[in-house]
Amino acid sequence: MGASTRTPAQFRDDLRTAFATAWTTAGEDLAIVAWDNLDFDSKNLDAYVFFGLAHVTGSQASLGTGSDIQIRRNVVAAAQVFVKHNTGQAEADRLAEILLDFFESTKIAGIRFRDMGLTEAGRSNQWFEVVVNC
């Protein structure tokens with residue numbers, strides 16, 4: 001992600017807000033999105049997405065002193081798509097494409113998405129899982 005003066009909490013909020021906007025603009029319901037460490041029940045759903053962020057490293061990204069210094073924080077953003085097992089891949093593919101489009105086309109000042117990828121993780125209990133990350 002790009003050099004930023006955001007706190008980790010501000011970064012998380014900015015990214016969640018941008019994702020929520022993109023998700024609903026694509027015609028999807030935020031009720032099927034689970035967020036890090038927030039209550040969510042998938043029992044009655046045929047599909048859902050878990051959108052998570054993991055702050056992993058940080059380094060100084062500019063010269064200067066005090067508030068002039070910018071910090072580059074690296075974050076792994078991963079969205080796990082879950083669809084009921086044995087229902088085919090069409091819905092998983094459709095939701096994964098929305099997520100890829102978000103990471104590939106969204107512009108947020110001071111944030112740069114890199115190394116986008118999609119992994120079909122396969123069966124996870126009663127779910128078929130696809131992971132979109134960057």
About how many Å separate CG of Leu95 and CG of Leu100, when rounded to the nearest 0.5 Å? 11.5 Å
Any pair with a residue in residues 37-56 that passes salt bridge (charged side-chain N to carboxylate O under 4.0 Å, His left out), sequence neighbours left out, goes on the list, sorted by first then second residue, please. Asp41-Lys43
For residues Val49 and Leu99, determine if any side-chain heavy atom of one lies less than 4.5 Å from a side-chain heavy atom of the other. yes
Between Thr24 and Thr21 (side chain of the first, backbone of the second, donor and acceptor by atom type, cut-off under 3.5 Å), is there such a pair? yes
Phe40-Phe50 aromatic ring centre distance below 6.0 Å: no
Counting C-beta onward and ignoring hydrogens, is there a side-chain heavy-atom pair between Val81 and Tyr48 closer than 4.5 Å? no
Kindly say whether the aromatic ring centers of Phe128 and Phe82 come within a distance under 6.0 Å. no
Calculate, to the nearest 0.5 Å, the distance between atoms CZ and CG belonging to Arg12 and Asp14 respectively. 11.5 Å
How would you list all residue pairs meeting salt bridge (charged side-chain N to carboxylate O under 4.0 Å, His left out) that involve residues 23-38, not counting sequence neighbours? Glu28-Arg94
Please collect all side-chain hydrogen bond (donor to acceptor under 3.5 Å, both in side chains) contacts where either partner lies in residues 117-134, sequence neighbours excluded, each pair once. Gln80-Glu129, His85-Arg123, Gln89-Glu120
Val131-Val56 co-clustered via ILVMFWY side chain contacts under 4.5 Å: no
Where do Ala77 and Leu53 come nearest, in terms of heavy atoms and distance? CB-CD2, 3.6 Å
Check step by step if ring pair (Phe, Tyr, Trp, His ring centres under 6.0 Å) holds for Phe102 and Phe113. CA-CA 10 Å; Phe102 169 72; Phe113 298 109; 5.8 Å; yes
Any chance you could lay out the side chain to side chain contact (heavy atoms under 4.5 Å, CB included) test for Trp35 and Phe19, step after step, and finish with the verdict? CA-CA 11 Å; Trp35 308 95; Phe19 173 74; 3.4 Å; yes
Straight-line distance of Phe11 CZ to Arg16 CZ, nearest 0.5 Å: 11.5 Å
How about Trp23 and Leu30: do any of their side-chain heavy atoms sit closer than 4.5 Å? yes
Which heavy atom of Val83 sits nearest to which heavy atom of Ala47, and what is that distance? CG1-CB, 3.7 Å
In this structure, CG of Asp101 is separated from CE of Met116 (nearest 0.5 Å) by 10.0 Å
Taking C-beta and beyond as the side chain, do Leu15 and Gln10 meet within less than 4.5 Å on heavy atoms? no
Counting neighbours of CG on Leu63 that are heavy atoms of other residues, nucleotides or ligands and sit closer than 6.0 Å, is the number greater than 12? no
